[in-house]
Amino acid sequence: MIFELPLRQRTADGRIAQAQLKLQKLDLEERTLRQQIMTEIYDTASAINTAWQRYLATKRELEAAIVLERGENQRFMLGDSSLFLVNQRERATAEARNKLIDVQAEYEQARAALRLATMQF
């Protein structure tokens, strides 16, 4: 016995299968994009946390440099130091201030990247 399916039926079944495959492909692409965006958001949040920790450490470094500079100035006023050492402390404080500015900029860049990443989602 031979079983035959009309040509139109096979064509329709083929189109249905093709449409289902396209839907599966679109679903996989959507999941992939969502995962990429979430990964980007997590990475950016991690960068923010790291930048914030660096900011706090750099701020403490600046505070310590200011204390040392003040102490060196007092020693100089009392005659127990030299202008060279006072100048070194002043330079160290200025460098710590510059570093803090750089770290603050890095932190703000990370925050902006997070806002951008979350806008895409």
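All values derive from a computational prediction rather than experimental measurement.
A chain of hydrophobic side-chain contacts below 4.5 Å, direct or via other Ile, Leu, Val, Met, Phe, Trp or Tyr residues, connects Ile48 to Met38.
Although no hydrogens or angles enter the test, the distance criterion places a donor-acceptor pair under 3.5 Å between the side chain of Thr50 and the main chain of Ser46. Checking side-chain atoms of Arg75 against main-chain N and O of Asp80 turns up a donor-acceptor pair under 3.5 Å.
Residues Trp52 and Leu56 meet the side-chain proximity criterion, which asks for heavy atoms closer than 4.5 Å. Within the 4.5 Å cutoff, no side-chain heavy atoms of Leu85 are placed close to those of Phe76. Contact of the Arg31 side chain with the Leu28 side chain is registered, since non-hydrogen atoms from C-beta on lie closer than 4.5 Å. Taking 4.5 Å as the limit, every side-chain heavy atom of Thr58 sits out of range of all side-chain heavy atoms of Leu62. Residues Glu29 and Lys25 are in side-chain contact: their nearest non-hydrogen atoms beyond the backbone lie under 4.5 Å apart. Side-chain contact between Arg111 and Leu114 is absent, with no heavy-atom pair separated by less than 4.5 Å.
Glu63 has no carboxylate O lying under 4.0 Å from a charged side-chain N of Arg60, or vice versa, which leaves the two without a salt bridge. Salt bridge Glu72/Arg89: present, at least one basic N to carboxylate O contact under 4.0 Å. Ion pairing between Arg91 and Glu95 fails under the 4.0 Å rule for side-chain N and carboxylate O.
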- Go through Gln36 and Leu33 one step at a time and tell me if the side chain to side chain contact (heavy atoms under 4.5 Å, CB included) criterion holds. CA-CA 5 Å; Gln36 287 174 348; Leu33 287 173; 3.6 Å; yes

Before giving the answer on side chain to side chain contact (heavy atoms under 4.5 Å, CB included), spell out for Asp27 and Gln24 the whole-Å C-alpha distance, their side-chain angles and the decisive distance to 0.1 Å.
-> CA-CA 5 Å; Asp27 185 50; Gln24 287 176 353; 5.6 Å; no

Under the side chain to side chain contact (heavy atoms under 4.5 Å, CB included) criterion, do Gln88 and Leu83 qualify, and how do the steps go? CA-CA 9 Å; Gln88 276 189 320; Leu83 193 55; over 6 Å; no

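Atom OH of Tyr55 is separated from atom CG of Asp102 by 13.5 Å, given to the nearest 0.5 angstrom. Note that the NZ atom of Lys99 and the CD atom of Glu106 stand 10.5 Å from one another [nearest 0.5 Å]. Separating the CD1 atom in Ile41 from the CG atom in Leu116 is a distance of 10.0 Å, to the nearest 0.5 Å. Here CD of Glu40 is found 14.0 Å from CD of Gln35. Values are rounded to the nearest 0.5 Å.
Of all non-hydrogen atoms in Ser81 and Val86, the two that sit nearest each other are OG-CG2, 4.4 Å. Nearest heavy-atom pair across Glu90 and Asn73 is OE2-OD1, 4.4 Å. In terms of heavy atoms, Lys59 sits closest to Leu100 at N-CD1, 3.9 Å. Residues Thr93 and Glu69 approach most closely at OG1-OE1, 2.7 Å, considering heavy atoms.
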